[in-house]
Q: 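Take this structure first; my questions come after.
In each ligand, atom 1 is the first atom listed, and ligand 1 is the first ligand listed. In this chain, numbering begins with 1 at the start of the sequence shown. Everything quoted here is computed from the prediction, not taken from an experiment.
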Amino acid sequence: MNEIRVRFAPSPTGELHIGNVRTAILNWIFAKKQGGKLILRIEDTDLERSTKESETSIFDSLRWLGLDWDESPEKPGEYGPYRQSERLDIYKKYLELLKKNGKIYPCYKSGEELDAIKKAAIERGDSAPYRRKELEATEEEVEQHIANGEEPAWMFEVGRGEIKWQDLVKDEIIFQRENVGDFVIFRSNGSPTYNFVVTIDDALMKISHVIRGDDHVSNTPKQILIYQALNFPLPKFCHIPMILGTDRTRLSKRHGATSIQEFQNKGYYPAAMINFLSLLSWSSESGDEILSIERLVKEIDFNRMSKSAAVFDVVKFNWMNGMYIREMPLAVFVDKAMPFLNSTQIDISDNQKVTEALALIQNHVEYFEQVSELVEPLLQDVIQPVDGEAINISSKDSSQKIYWAFLRRLNRHNKLDANVFRLIMKEVQTETGVMGKDLWMPVRVALSGKIHGPDLGKVAEVLGKEKINRFVKNLID
Ligand code: GLU
């Protein structure tokens, strides 16, 4: 197998989870690095849970990220169709081949009977519940079932011995067939199972490297057996460690946003997302964390990937996203920030003022959803302290003293810029004897209503004398 062909094979049953996004990114980087092709295959065999909307949203999300691919349902290559629901005839053909070479056998057991067999296996400590000798119907039974018009499930006989492969990330992995047990490849209702279809598809689509999450490690021995039974060449397998939350439990809704769309809606930046997710199980030898796509493609080394689970730390992601936002030219930042202001009550009619205000907060934004909160005080006519702490600060005696002194000093200056503002604050400090936090916080609350935010000198510059007068007076009892 010379050509490098990798695939991303999502099931269209909802929005893309961040773990799948990372799998897509790593496949994409791998293809770029090796000069190979990325194939997008839709695994929609679960007809009840699969929807067209999910499929569309998955494609939209991948495009938003900036990924591209070579073959997909909308961009068929020579190995289509690229939706599993359209490949049933192909699966049936390979089912017939397996019937002929004796690797599979029919099973007419009911769901309850299978449950009972499984329960008994668990009770005797057997990790593989199903074996041919217990499941296979005798010839007479088969005849009887056929006469009754019943269809069997088709079981793959696993047999005995070792199954092993050299995993690109996890090194050698060995399974004992005795612990795998026979498994269904076609259900009695005529639908094929995941392990069967994924193997047929990967083989026929000439996938050279199967890069996926390590939740699939236990499926791989079954898939290898199917490859061997059909004389398909084996691809290389690469199982990427799963992602945990900071409490080291599986990443879920409890940890906050987990789907790509949630991050997109909050205003994260695609390149930052690619950067961050690529670094979950791998780091650059240079120690650098902000890595362009070009550098990621060049430097990433699957052999140096960690074998154990990765932790998704949203605080770190926010920091990284903020670094990308800081690097944007102002015009790009404004362009990306505007949609997040359009949907608020904030008056954005004065283009120049809005741009000036956005310029002030650019270094303080971690993701675009924060823009409105940061920019609002800069564009408002009245400021009210927003929470208990801010209200307490503004009503303290020392704060009131500061406000009086501040207004007096402010009105002695004709022009107000960041430097004049600092000078005024120095004068207020000298006059009132209050300094540090106790001096700056009340002024910050008056100018923004908040206790955190951008550089105050710059805020004052944007607000201007008239507005500052009004804001400070508003807080004088
Ligand atoms: N459709 C499978 C999933 O979403 C992918 C299976 C695979 O990569 O082999 O988990």
Q: Can you label the angle between the Phe30 ring and the His209 ring as parallel, tilted or perpendicular, going by 30° and 60°?
A: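 It falls in the tilted class, 30° to 60°.
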Q: Is it the case that Arg41 and Ser72 place a side-chain donor and acceptor less than 3.5 Å from each other?
A: no
Q: Please write down residue, atom name and distance for the protein heavy atom closest to atom 4 (O) of ligand 1.
A: Ser11 OG, 3.5 Å
Q: Among all protein heavy atoms in this structure, tell me which lies nearest to atom 6 (C) of ligand 1, with the distance rounded to 0.1 Å.
A: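 Minimum-distance protein heavy atom for atom 6 (C) of ligand 1 reads Tyr194 OH, 3.3 Å.
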Q: Just wondering, are more than 12 heavy atoms of other shown residues or ligands nearer than 6.0 Å to NZ in Lys298?
A: no
Q: Which atoms of ligand 1 are found less than 4.0 Å from any heavy atom of His216?
A: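 What qualifies from ligand 1 is 3 (C), 5 (C), 6 (C), 10 (O).
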Q: Out of all atoms in ligand 1, which are within 4.0 Å of some heavy atom of Glu43? Include the element for each.
A: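 Heavy-atom distances to Glu43 below 4.0 Å select 1 (N), 2 (C), 5 (C), 6 (C).
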Q: For the pair Asn321 (side chain) and Tyr269 (backbone), establish whether a donor and an acceptor sit closer than 3.5 Å, ignoring hydrogens and angles.
A: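 Answer holds: yes.
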Q: Go through ligand 1 atom by atom and flag the ones less than 4.0 Å from a non-hydrogen atom of Arg7.
A: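 Counting atoms of ligand 1 from 1, those under 4.0 Å from Arg7 are 7 (C), 8 (O), 9 (O).
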Q: Need the ligand 1 atom indices (1-based, order shown) with element for anything under 4.0 Å from a heavy-atom of Val198.
A: 9 (O)
Q: Against heavy atoms of Arg212, which atoms of ligand 1 measure under 4.0 Å?
A: 7 (C), 8 (O), 9 (O)
Q: Assess, by modelled atom type and distance only, whether the side chains of Ser11 and Thr13 contain a donor and an acceptor separated by less than 3.5 Å.
A: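 Thr13 and Ser11 do not have a side-chain donor-acceptor pair below 3.5 Å.
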Q: Nearest protein heavy atom to atom 5 (C) of ligand 1, by residue and atom, and its distance?
A: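 The answer is Ala9 O, 3.3 Å.
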Q: NZ/Lys32 to CD/Glu294 distance, rounded to the nearest 0.5 angstrom?
A: 10.5 Å
